Amino acid sequence: MAIQDALVDLFARAARAAAPEFGLDPDQLPQPDLDRPRVKEHGDWSTNLALVLAPKAKRSPRQVAEAIVANLPTDGVIAKAEVAGPGFVNVFLRHTWLADTLAEILQQGDDYGRWRKTGRKVQVEYVSANPTGPLHIGHARNAALGDAIANVQEAVGNDVQREYYYNDAGRQMELFGRSVETRLLHRHGKEAKLPEDGYAGDYIKDVAAAVDATLDPRALDLPEAERWQAVLHAAVPIMLDMIETTLERFGVRFDSYFSERTLHESGEIDQAIAKMRQAGYVYDADGAVWFASTKFGDDKDRVLIRSSGQPTYFAADCAYVIDKFGRGFDHLIYVWGADHHGDVVRVKGAAEALGFDPARTEMVLYQFVAFRRGGQPVQMSKRTGQLLTLDELIDEVGADAARYTLLTRSADSAMEFDIDEVKRQTMENPVYYVQYAHARVASLLRRAEQQGVDRPHWREVDLGLLEHGSEHELIRTLAEFPDIVEMAARGHAPHRLTKYAEGVAAAFHRFYADCRVITEDANLTHARLWLSAATKQVVGSALALIGVSAPESMERIGGVDQEAADGSG
RNA sequence: GCCCUCGUAGCUCAGCGGAUAGAGCACCGCCCUCCGGAGGCGGUGGCGCAGGUUCGAGUCCUGCCGAGGGCGCCA
């Protein structure tokens, strides 16, 4: 059992035992919160339980704390318990808990940090860019965030499905189809003009070339109204392939790609509207069909079917909700840019109007990224004539550095991403700092092996020999991992993992500087090798959750050569 | 005008209502006989403003100021 669980249990028992003294119902006590104090004078762990209980107990917090302390057994893992400050209970543990914790981490191996299966089915829908062009930097944060959220959901035991929803109906798709059609005609030496507001990027020519290779040549002889649709039909899968290839490079893989068009063709949109109408949330006005979203807090009602007879994207969104829940998901997570914040109330409202608990839908919004280069804004790509593509970003800074950097900030925070910094900082960039810690351990373990150092199974090693302050601090840090994962899941905040990984790396580097691992002392060497191995495992797991690779070795670049050059000059 | 998010060190940003607010970069010192110095140790420096809730507020509430985004029968 993890130390945290043991302590929560001990605190809860002590509080239960003390409860009658204060006229409290022992079965109505809140779950104790654990805290790791920043200063070591405050012990190894602490709880604010007495401060929470005091008002109900009608006693001073310190009195309650004294009572809890009196009921804490100090013959087990707790060596000493004391009341501090306004009424915290601080406990000092026997040092054996550190060795026990390390053993627990090694015991669980790669499962350490992963929680028990919940059986809950969770869907995460992200990226969902229209297949009218390559992914661009505007999609980067969505992809990195959505993928990490999905990973973290899995880590806390949920069954996760990753889905990409694409709009393949509507005016933008027509423009896309007609743009490809134009380029296709050019390939055949025919006159054609790009439509107004059409897609002018060079990539359209690539798509046209690919269409040319697959499309029945007779399609070009079709009447104009059918021709662009035939071209579009061929172009969408090609565009999606290109997007999928980019995502693959970014380390993102979806379980399913969902077509909006299928919602139109299956009649699910009509069914959704009928269902909402039956529930009294749909009405007709001005030749259009409306959803009474104001009943759910929207500032105006929204159109479902235009007076032209065309359903809106929002109508498809409603049908999509039914479709998703129909597939058995307990919980839906949407990852949206901040520009969609207005849609939150509508889609949740639609879910409610359709008879679902809106709390089962969750929208994670992220603020925009300002991409810069040397402080100057960069948006445009020469190749596409549009935003800088995700491929170009990956080419320039690498998928690892891009993903890591995008996940160092809370989704709520608008962030700056300086391409020059993220690639130039090779020496100081946090992503390399963390990866380096992993590679350093790997190198250390390799070296031990090369030197013929035997390494008995950890069960046969005295982990209690790890007595140095930096060793203790490293183990304490490793012990936090499961809680960090849980917090990252609860708040859809994978940036906690990047921050945590930096903390583990720092604790390791400190340990490494203070304690020589491979020495003449065989027993100590064994213990330190296992501590190093546990560190590697945790760093690797944290990086895996944010979708960044954990290298076994890294090239030496930067700093050293620079200094040498300066020194000789 | 209304709605959402943000305002923390010179810069970029962390900080689940808890004790002395952290990290990276930048800047100033120090540490290589030795497992990867892409490292370690130390220093300078900060919660936009005003109220409120609370035993306790960077964190919650209200107002103000400032920044970004959204308010289409657009996608």
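These figures come from a predicted structure and were not determined experimentally. Letters A, B, ... mirror the listed sequences (proteins, then strands); counts begin at 1.
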Does CD belonging to A:Glu196 count more than 12 external heavy atoms closer than 6.0 Å? no
Determine the Euclidean distance between corresponding [atom1] atoms of [M] and [N]; express it in Å to zero decimal places.
N	M	atom1	answer
B:U8	B:G45	C1'	12 Å
B:U59	B:G17	P	11 Å
B:G36	B:G68	P	50 Å
B:U54	B:C49	P	23 Å
B:G70	B:C11	P	26 Å
B:G69	B:A26	C1'	31 Å
B:G48	B:G58	C1'	12 Å
B:A21	B:C64	P	31 Å

Base partner of [N], which must satisfy Watson-Crick or wobble distances under 3.5 Å:
N	value
B:U12	B:A23
B:G66	B:C6
B:C73	none
B:G42	B:C28
B:U53	none

Report the distance from atom [atom1] of [X] to atom [atom2] of [N], rounded to the nearest whole Å.
X	N	atom1	atom2	answer
A:Gln435	B:G36	CD	C1'	15 Å
A:Asp299	B:G70	CG	C1'	10 Å
A:Leu445	B:G36	CG	P	11 Å
A:Glu502	B:G24	CD	P	8 Å
A:Phe368	B:C13	CZ	P	16 Å

When you check the gap from the basic side-chain N to the acidic O, do [X] and [Y] get nearer than 4.0 Å?
X	Y	value
A:Arg277	A:Asp284	yes
A:Asp299	A:Arg302	yes
A:Arg373	A:Glu421	no
A:Asp298	A:Arg346	yes
A:Arg490	A:Glu486	yes
A:Glu473	A:Arg476	yes

Is the distance from OP1 or OP2 of B:C16 to the nearest side-chain N or O of A:Arg496 less than 4.0 Å?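 Checking A:Arg496 against B:C16: at least one side-chain N or O falls below 4.0 Å of OP1 or OP2.
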Using a cut-off of strictly less than 4.0 Å, decide whether A:Thr408 has a side-chain nitrogen or oxygen near OP1 or OP2 of B:A14. no
Report all interatomic pairs (protein N or O, nucleotide N or O of nucleotides 72-75 of chain B) with separations under 3.5 Å.
| unit_1 | atom_1 | unit_2 | atom_2 | d |
| --- | --- | --- | --- | --- |
| B:G72 | OP2 | A:Lys300 | NZ | 2.4 |
| B:C73 | O3' | A:Arg306 | NE | 3.4 |
| B:C73 | O2 | A:Ser307 | N | 2.8 |
| B:C73 | O2 | A:Ser307 | OG | 2.9 |
| B:C73 | N3 | A:Ser307 | OG | 3.1 |
| B:C73 | N4 | A:Asp286 | O | 2.7 |
| B:C74 | OP2 | A:Arg306 | NE | 3.4 |
| B:A75 | OP1 | A:Arg306 | NH2 | 2.8 |
| B:A75 | OP2 | A:Arg306 | NH2 | 2.6 |
| B:A75 | O3' | A:Tyr313 | OH | 2.4 |
| B:A75 | O2' | A:Asn130 | ND2 | 3.4 |

Tell me if the side-chain of A:His495 makes a donor-acceptor pair with the base of B:C13, cut-off 3.5 Å, by modelled atom types. no
Donor/acceptor link under 3.5 angstrom from A:Ser46 side chain onto base of B:A19: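 Yes.
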Are side-chain heavy atoms of [X] and [Y] found at a separation under 4.5 Å?
X	Y	result
A:Val539	A:Tyr500	no
A:Gln367	A:Arg409	no
A:Val152	A:Leu497	yes
A:Ser553	A:Arg446	yes

Sub-4.0 Å heavy-atom contacts from [range] onto RNA chain B, ordered by number:
range	value
residues 48-63 of chain A	A:Asn48, A:Leu51
residues 520-528 of chain A	none
residues 471-484 of chain A	none

What are the two closest non-hydrogen atoms of A:Asp343 and A:Trp336, and how far apart are they? CB-CZ3, 3.7 Å
Where does B:C32 land, syn or anti, once you apply the within-90°-of-0 test for syn? syn
Compute the ring centroids of [X] and [Y], then answer whether they are less than 6.0 Å apart.
X	Y	result
A:Tyr436	A:Tyr433	no
A:His340	A:Tyr334	no
A:Phe296	A:Tyr281	yes
A:Tyr164	A:Tyr126	no

At under 4.0 Å between heavy atoms, what does [X] touch on the DNA or RNA strands: base, sugar-phosphate, or nothing?
X	value
A:Asn90	base
A:Arg447	sugar-phosphate
A:Arg409	base
A:Ser553	base
A:His509	sugar-phosphate

Under 3.5 Å, which N/O atoms of the protein pair with N/O atoms of nucleotides 9-11 of chain B?
none

Please step through ring pair (Phe, Tyr, Trp, His ring centres under 6.0 Å) for the pair A:Phe258 and A:Tyr166, ending with a clear verdict. CA-CA 6 Å; A:Phe258 192 97; A:Tyr166 60 97; 8.2 Å; no
Counting heavy atoms from C-beta on, name the nucleotide in B:G40, B:G69, B:A19 closest to the side chain of A:Arg510. B:G40
Quick one: which of B:C35, B:G68, B:G24 gets closest to the side chain of A:Gln367? B:G68
Should A:Tyr313 and A:Gln172 be marked as a side chain to side chain donor-acceptor pair (under 3.5 Å) after you check the CA-CA gap, both sets of side-chain angles, and the distance that decides it? CA-CA 12 Å; A:Tyr313 277 75; A:Gln172 287 307 312; over 6 Å; no
Stacking between A:His341 and B:G70, defined as ring centres under 5.5 angstrom apart with planes under 30°, is that present or not?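 So no, this residue does not stack on that base, at least one cut-off failing.
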With A:Leu29 via side-chain contact (heavy atoms from CB on, under 4.5 Å) - residues at least two apart: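 A:Leu29 satisfies side-chain contact (heavy atoms from CB on, under 4.5 Å) with A:Ala15, A:Arg16, A:Ala19, A:Leu24, A:Leu53 only.
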